[in-house]
Structure formats: structure tokens, C-alpha cells
Amino acid sequence: MPASGSGNRDGENNKGSVTAERIPGLKRTDVDREGQEMSVLWLDLFSGALLAVMMLAVGELVRLRRIKREIRELTAYTEQVQDKTQLPSMETMQEGEARILQSEVYKLAASLHEQYAREKARSGYLAEMLENISHQMKTPLSVITLMSENLMGDELDKETRDSCVRSIHESADHLNWLVHTLLAIAQMDAGALVFRRENVSLAVLLASVLQDLSVCAELNGTELKVNVPGDVSIITDFKWTKEALSNIIRNAIEYTPGGTVQIRASQSVVAVDLDICDNGCGISAGDLPHIFERFYKGKQASPDSAGIGLSLAKEVIQKQNGSIEASGAEGEGTAFHIRFFQTGTL
């Protein structure tokens, strides 16, 4: 019985197996060759996959090394930006996220560098301005102090006493004008000064200016000649334009002792032209380009000159859609040409 069962199982196994003898035309060598080819194919596939993985790993390693190098370069660049006053150049990186980051870092560095330069220039300007202001105030304050001490004496005659009082009054007026002018400049710098738009008769405006300067012209022996048609008008702020013209005409009077200052105006469709000319000492070629700069004093400037009157005048005129230019030569007088452009209506 056992032998019979074993024989049956062998028979079943033989039925379930496929051999070369039972398939007509198929030899054992063909089966072995097919198995070898499949093994080679799988081996090639595995080798290719392994090679691809290795190549990906190598590429990723190279990419990571490049990123680390670019980060080091960006770090070194930011350190250079901090240490140098000039913005250093930057070598262009390859395309990709690092290039974008590099561009943003450079933009930020350029913006910070520009802001630093502005703040440094502003700081220097403020320091220079404070120094000039203190210097300008020192002279009138010293005069007031000295004259006040003289007035304390009991042995002064009336003439000396009157002279001291007059000096104190003049110094106080100069100090008041200086403070007023500096305040106006500070307001314009801060953008807090608002100009009114008024239809102003130029003849009326100049008459108000010359009335305030008549004593100054008389004491200096300067003749004022005015040729301004009564129908000429400009759109401007009366108060601040009067301030600007007063500074220009006062300057002409001071530098034209015993001479003549001529004021002429004409009107066209687009603008009103105002010329203020004198036959005084003139201005040198070296000083001419700088006369509108704040606190600038030419070689012929008086000791009491603050160097801010013409600067304020130019800013007031320009902020009201106007322009001003100066010309002249040493020993031949000076001419100021002002143009008020008539744009818009009230």
C-alpha cells in the first residue's frame, strides 16, 4: 500500500512538471539558454539602476558642494559690504535659486549702501550747518555783549552812548534776520513750507521791497532805478517772494556803494522776466558758480555776510515754478535774471 501511494505521488509530480522531453521540438539546451538570457537581462537592469542611483548621488553631492561654495561666497560678500565704504563687485553665479538669492543680496546691499551714504552726507551737512550757524550768531552776540558792557559805564558821553545803542540795535536786527532765514531754510528742507498762489502785481511787490531797503540804499549811496510796467503780474506767494527779492536787491546794494542798481521787468505769454543789475564791484569767475550755495562766501564778501540770503532766494523762486541765474565779472558789476513762469490759473 505505501508503495502504491508513493507511485501515485510521483505520477502526479511528473504530470505537473514540464520537461523538454514532453514538448516536441524543445531541447534542454534551449531552456538553459533562455534562462541565461533572462539572468543577463536582469543583471543589466540591476547594473543600470545601480549606475543611475550612483550618478544621481554624485550629482547631488556636486550640487550640494556648489551650494555650499556659493553660500560661502555670499557670506564673504556680506562681510565685505560691512567692512568697506564702497560697494564691492560680485561675480555672477550660475542660474538657479542661488542666482536669485545673489541678486536679492546685491539689491539689499546696494540699497543699504545708498542709504548709508545719504545718512553720512546728511550728518556731515548738519554738522557743517550747525558750525556755520554758531559762527554767524557769534558776531552779533559778541557786539551786543560788548556794547552792553560799555553802556554800564557812568562816564560815557551822549554820542558814545548813542553809538553803542545803535550797534546793539543793528546786531539784534541782524540776529533776528539770521534766525528767521535759518528757520525758513529748515522748513523748506522738511517740506513744511507751503507757498500760497496769489495774483500779485510785480510793481506793488517791488515797491514794498524797496521801501524796506530805502534806508540801506541811502546810507550806502546807491541809486535805485526801477522800470516795471504797472500791468505786469505774477502768480506767487507775496510774503516769501518779497523775502527772496529783498535778499537779492540788498545784496546788490551792499556791493554797489555809490553806484546804481537797475530793476527791469517784461512780460510774455509764458513768463515774466525780472532783471536786477548793478555796476558794483562784480564777482570773480571762481565765485560765480557758488554764490547760490548755502553759507558760501566769496572773496569780496563783507564780514557780516551770512552766506544764506541768495541761497534762500533761489530756493523760494524755484519752488514757485521759477528760475534764477547770475552773471557778471569782477569790476564790471553783477546781473541777476529771474523768470517767473506763468502756468496754471488761480
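This structure is a prediction, so every number in the text was calculated from the model and none was measured.
Ring-plane geometry between W240 and H180 is classed as parallel, the angle between the planes falling under 30 degrees on a 0 to 90 degree scale with a further cut at 60.
With values rounded to the nearest 0.5 angstrom, L245 atom CG is found 11.5 Å from R250 atom CZ. In this structure, T260 OG1 and E223 CD are separated by 4.5 Å, a value rounded to the nearest 0.5 Å.
Enclosure of atom CD in E60 by more than 12 non-hydrogen atoms of other residues, nucleotides or ligands within 6.0 angstrom is indicated. E293 CD: more than 12 foreign heavy atoms inside a 6.0 Å radius. The environment of Q318 atom CD is dense: over 12 non-hydrogen atoms of other residues, nucleotides or ligands sit within 6.0 angstrom.
Hydrophobic clustering (ILVMFWY, side-chain heavy atoms < 4.5 Å, transitive): I253 and L312 are in distinct clusters. In the hydrophobic clustering of ILVMFWY residues, with side-chain heavy atoms under 4.5 Å counting as a link, L213 and V316 come out apart.
Counting only distance, with no hydrogens or angles, the side chain of D278 and the backbone of T334 share a donor-acceptor pair below 3.5 Å. The main-chain N or O of F195 is never found under 3.5 Å from a side-chain atom of D237 such that the two would form a donor-acceptor pair. With hydrogens and angles ignored, the 3.5 Å screen pairs no side-chain donor or acceptor of S208 with any backbone N or O of L205. Counting only distance, with no hydrogens or angles, the side chain of S171 and the backbone of I144 share no donor-acceptor pair below 3.5 Å.
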Original post:
Stepwise, does the side-chain contact (heavy atoms from CB on, under 4.5 Å) test hold for V261 with Y255?
Top reply: CA-CA 10 Å; V261 175; Y255 290 96; over 6 Å; no
Original post:
Can T160 and N150 be said to form a side-chain contact (heavy atoms from CB on, under 4.5 Å), step by step?
Top reply: CA-CA 9 Å; T160 305; N150 291 338; over 6 Å; no
**OP:** Report the C-alpha separation of I248 and I338 in whole Å, then their side-chain angles, then the decisive distance to 0.1 Å, and conclude whether the side-chain contact (heavy atoms from CB on, under 4.5 Å) test is met.
**Re:** CA-CA 10 Å; I248 297 170; I338 305 169; 3.7 Å; yes
**OP:** Show your working on side-chain contact (heavy atoms from CB on, under 4.5 Å) between F340 and V200 and close with a plain yes or no.
**Re:** CA-CA 12 Å; F340 298 99; V200 177; over 6 Å; no
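Of the listed residues (Q320, K242, R196), just one forms a side-chain hydrogen bond (donor to acceptor under 3.5 Å, both in side chains) with T236, and that residue is Q320. Screening L202, V209, N227, I249 for a side chain to side chain contact (heavy atoms under 4.5 Å, CB included) involving I263 leaves a single residue, I249.
Salt bridge status for R166 with D162: absent, with no side-chain N to carboxylate O gap under 4.0 Å. A salt bridge links E315 to R294: at least one charged side-chain nitrogen sits closer than 4.0 Å to a carboxylate oxygen.
Side-chain N/O atoms of H169 and D173 include a donor and acceptor closer than 3.5 Å.
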